[in-house]
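Everything on this sheet refers to the single structure shown next.
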Amino acid sequence: MDKQKSDRLINLEAIKKLGWDPFGQRFASAQPIKSVLTAYDPAQEGKPATVAGRIMIIRQHGKTAFLDIKDWTGKVQVYIKKDKISEPLFQLYEQLDMGDIIGVTGGVFKTKTGEITIFAEQITILSKALQPLPEKWHGLKDVELRYRKRYLDLLTNEPVMDTFLKRVQIIGGIRSFLNNRGFIEVETPMMQPIPGGATARPFITHHNALDMDLYLRVAPELYLKRLLVGGMEKVYEINRNFRNEGISTHHNPEFTMLELYQAYGDYQVMMDLTEALITTLVPMQSGSDLKIKYNEVDLNLNSPWPRKTYQELFRQYVGLDWSDQNAVSKKAESLQLDFKNKPYETLANDVFEKLVEPNLTGPIFVIDYPAAICPLTKSKKDNPAVAERFELFIAQMEIANAFTELNDPVDQRRRLEQQLKNRAEGAVSLDEDFITALEHGMPPAGGLGIGIDRLVMILTNSASIRDVILFPTLREKSPVPPAPDGHRGSAETKGG
RNA sequence: GCGCCCUUAGCUCAGUCCGGUAGAGCAGCUGACUCUUAAUCAGCGGGCCGCAGGUUCGAUUCCUGCAGGGCGCACCA
């Protein structure tokens, strides 16, 4: 055991000897530290207050000491003076370490250097810390440690706590925005017998009692549409999707998605809704100004956001007409894209992703995708080759994806079967019950998906998705390295 | 999956180029100090230098493999 921990265990025993429970009891009388600071009034110097929090630092001065106590609203200084506190309490103080959680009651005053401070009269130990805090000045810097021990990251790096509190606000803001518009929040299966709604590779798990494989959902889409069939006209779900794909600064295997469906709407309605939603959320984070900075790049989120067609952007950034199959295929070849018996539209979309998307600083709605790459989308009335779909790009990231939902069960079956043929990967089999549901009649509807993590990235100016997910997926780290030839560790194992 | 980079004390980092068995600050311990602000002052402990091999009289340092992480690419949202 390391020295720091054993020293703290000694202090813990000393605290027990003094008659205290080192892990404390209910302490419901504490007020938020921030409110203590704002309530301070020089006319009422010495007015008592009670706080609870973690000791972040101790400055000892012989028979006095200053402690900084932190709760999640702020930090306040506590002043301990031997002749102003009972002897047992001073003995307790002497066994306290940085990182311990304590409760303090005392009069609030201003020191001669002007800092609002609680003059301790009562101290209670609420939890003894057996591990030291990270370095007080630099905090926890090691990126891996920050992700693995997020609790320390939150504790010592203020901007981190700030980001995650903002995330909570953003998601809360989305809920109230939608609830105010008459949407209801629902929960649909995360474990699905047939993964559908997107083409990503799924995670597989197994149910023992039913003896059946289940897939962690890649999207809730097909279930939410069943609810449209069932008569729920405005539904949404905010929850995790799981995709068994690579990990990057923009991809975590489990990520949070908002999906919503509005009966009798279409993708135009969804576009207006998306723009209204996000422009409502931005001021919550950055004041009323909708001009924000992301990764040193200026983004102007003031309405209206440009809407450009897929083909228009294709022509602009690829320099070719999308329908010119020969030229586009040649382009794909020169980009060394993977052809592996892909349909033309998919290949052309690879070109789009490679050459167009890096230019989409946004915000910009890319609208009217080729129908062939949109199996769940209704085509334009006057042009079956073009789907009523848009994707919203901000900072080169796809933030939202939405369409006029395909509600023709015959067409839907045909398209899903076609997709199964084209891409074995991901697609397991056809969800027959989904088709049956459509056969019962689904109202025309607009559907929308927003990647919450990415949206939070933009609104909190975070460069990596791991900075907006509390516990991002990391490889498991074996706690003890193996000692193969008994070089160390288990010294002499006998026999053989 | 591929490429580049990183891994030294509980934490933040030097040192490695040019091989000789490791340093600082914070944290810890002891002492001084009754309004401090990264408190200060004096002293003391603390290291499988990510792991495993190789080269060498000798490896934290050079080489190889592995592990974990970061970034980029690929896949995807």
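- Applying the Watson-Crick and G-U wobble criteria (two distances, each under 3.5 Å), B:U55 pairs with nothing in any strand.
- Between the C1' atoms of B:C29 and B:U36, the separation comes to 22 Å (whole Å).
- Using a 4.0 Å heavy-atom distance criterion, A:Lys136 is classed as a sugar-phosphate-only contact.
- Taking every side-chain heavy atom of A:Lys141 into account, B:U12 is the closest of B:C73, B:A27, B:U12.
- Residue A:Gly139 is in sugar-phosphate contact alone, with no base atom involved, counting any heavy-atom pair closer than 4.0 Å across all strands shown.
- Residue-level contact check: A:Thr249 touches the backbone only, with heavy atoms under 4.0 Å from sugar-phosphate atoms and none from bases.
- Using a 4.0 Å heavy-atom distance criterion, A:Gly246 is classed as a base contact.
- Residue A:Phe66 places its side chain closer to B:C35 than to any other of B:C35, B:A67, B:G28.
- With no hydrogens or angles considered, a side-chain donor-acceptor pair links A:Glu45 and A:Tyr40 at under 3.5 Å.
- Counting non-hydrogen atoms under 4.0 angstrom, A:Ile399 reaches nothing in the nucleic acid.
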message: I'd like to know whether A:Arg59 forms a side chain to side chain donor-acceptor pair (under 3.5 Å) with A:Thr64, so could you lay out the CA-CA distance, the side-chain angles of the two residues, the decisive distance to 0.1 Å, and finally the verdict.
response: CA-CA 9 Å; A:Arg59 292 181 291 277; A:Thr64 66; over 6 Å; no
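- The gap from the C1' atom of B:C51 to that of B:C57 amounts to 25 Å, rounded to the nearest Å.
- A:Phe109 comes within contact range of at least one nucleobase, with a heavy-atom separation under 4.0 Å.
- Distance check on atom P: B:G58 versus B:G46 gives 28 Å, rounded to whole Å.
- With rounding to whole Å, A:Gln60 atom CD is found 10 Å from B:A27 atom P.
- Spacing between B:A42 and B:C4 at atom P, rounded to whole Å, works out to 49 Å.
- Using C1' as the reference atom, B:A14 and B:U8 are 10 Å apart when rounded to the nearest Å.
- Using a 4.0 Å heavy-atom distance criterion, A:Arg8 is classed as making no nucleic acid contact.
- For the residue pair A:Thr199/A:Gln419, the side-chain donor-acceptor check at 3.5 Å is not satisfied.
- In the interface, the side chain of A:Gln4 is paired with the base of B:A27 through a donor and an acceptor atom under 3.5 Å apart.
- Nucleotide B:C13 is matched to B:G23 when pairs are restricted to Watson-Crick or G-U wobble geometry with both distances under 3.5 angstrom.
- If you check every strand for non-hydrogen atoms under 4.0 Å, A:Asp83 touches a base.
- Of the candidates B:U37, B:U34, B:U12, B:U12 carries the atom nearest the A:Leu140 side chain, counting heavy atoms from C-beta on.
- Ring geometry for A:Phe183 against A:Tyr236 counts as perpendicular: the plane angle is over 60°, on a 0 to 90° scale with 30° as the lower cut.
- The side chain of A:Arg475 lies closest to B:G69, out of B:G69, B:C35, B:C26.
- A donor and an acceptor atom, one from each side chain of A:Asn349 and A:Glu345, are nowhere located under 3.5 Å apart.
- Nucleic acid contact class of A:Glu391 (heavy atoms, under 4.0 Å, all strands): none.
- Within the 4.0 angstrom heavy-atom criterion, only backbone atoms of the sugar-phosphate kind lie near A:Ile57; the bases stay farther away.
- Atoms NZ (A:Lys149) and P (B:G69) sit 14 Å apart, rounded to a whole Å.
- Counting to the nearest Å, the P atom of B:G10 and the CD atom of A:Glu144 are 16 Å from each other.
- Computed from coordinates, the A:Ile465 CD1 to B:A77 C1' distance equals 8 Å when rounded to whole Å.
- Taking the side chain of A:Met98 as heavy atoms from C-beta on, and the options B:A38, B:U34, B:G28, the nearest nucleotide is B:G28.
- Distance from the side chain of A:Asn11 is smallest for B:C29 among the nucleotides B:C73, B:C29, B:G69.
- As judged by a 4.0 angstrom heavy-atom cut-off over every strand, A:Asp350 is placed among residues making no nucleic acid contact.
- Among all heavy-atom pairs drawn from A:Phe314 and A:Val356, the shortest one is CA-CG2, 4.2 Å.
- Distance from the side chain of A:Ser464 is smallest for B:C71 among the nucleotides B:C35, B:A27, B:C71.
- Within the shown strands, nothing qualifies as a pairing partner of B:U60 under the Watson-Crick or G-U definition with both distances less than 3.5 Å.
- Checking A:Gly114 against A:Arg243, the closest nucleotide of RNA chain B that is more toward the 5' end is the one next to A:Gly114.
- Regarding contacts with the backbone of B:C75, every side-chain N or O of A:Arg201 stays at 4.0 angstrom or more from both OP1 and OP2.
- OP1 or OP2 of B:A74 sits under 4.0 Å from a side-chain N or O of A:Lys354.
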Item checked: A:Tyr310 and A:Glu391: CA distance, side-chain angles, deciding distance, side-chain contact (heavy atoms from CB on, under 4.5 Å) verdict -> CA-CA 10 Å; A:Tyr310 185 88; A:Glu391 288 191 1; over 6 Å; no
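- Remark: B:C29 base-pairs with B:G43. Criterion, Watson-Crick or G-U wobble with two distances under 3.5 Å.
- In this structure, A:Phe393 places its CZ atom 10 Å from C1' of B:A77, rounding to the nearest Å.
- Side chain A:Glu115 to base B:U36: no donor-acceptor pair is found below 3.5 Å.
- Figure legend. B:G3 is base-paired to B:C71; pairs are counted as Watson-Crick or G-U wobble with both atom distances under 3.5 Å.
- The interatomic distance linking A:Asn349 (CG) with B:C75 (C1') rounds to 14 Å, in whole Å.
- The side chain of A:Arg59 contributes no N or O atom lying less than 4.0 Å from OP1 or OP2 of B:U36.
- At least one test fails for A:Arg150 against the ring of A:Phe471: distance under 6.0 Å to the centre or angle within 45° of the axis.
- Across B:G10 and B:A27, the matching C1' atoms stand 7 Å from one another, rounded to whole Å.
- Heavy atoms of A:Lys75 sit nowhere under 4.0 angstrom from any nucleic acid atom.
- Here A:Leu152 lies out of heavy-atom contact (under 4.0 Å) with every strand.
- Partner assigned to B:C66 is B:G50, using Watson-Crick or G-U wobble distances below 3.5 angstrom.
- Between A:Asp83 and A:Lys81 there is a side-chain heavy-atom pair separated by less than 4.5 Å.
- Ring centroids of A:Trp322 and A:Tyr344 are separated by less than 6.0 Å, placing the two rings close together.
- As judged by a 4.0 angstrom heavy-atom cut-off over every strand, A:Arg466 is placed among residues touching the sugar-phosphate backbone only.
- Ring stacking holds between A:Phe255 and B:A77, with the centres under 5.5 Å apart and the planes within 30 degrees of each other.
- Rounded to an integer number of Å, the gap from A:Glu94 CD to B:G28 P is 15 Å.
- At whole-Å resolution of the value, CD in A:Glu135 and P in B:A9 are 14 Å apart.
- Taking 4.0 angstrom as the limit, A:Arg454 places none of its side-chain polar atoms (N or O) nearer than this to OP1 or OP2 of B:A77.
- Taking atom C1' in both B:U61 and B:U16, the straight-line distance is 4 Å, to the nearest Å.
- For the C1' atoms, the distance linking B:C26 with B:U37 amounts to 16 Å, nearest Å.
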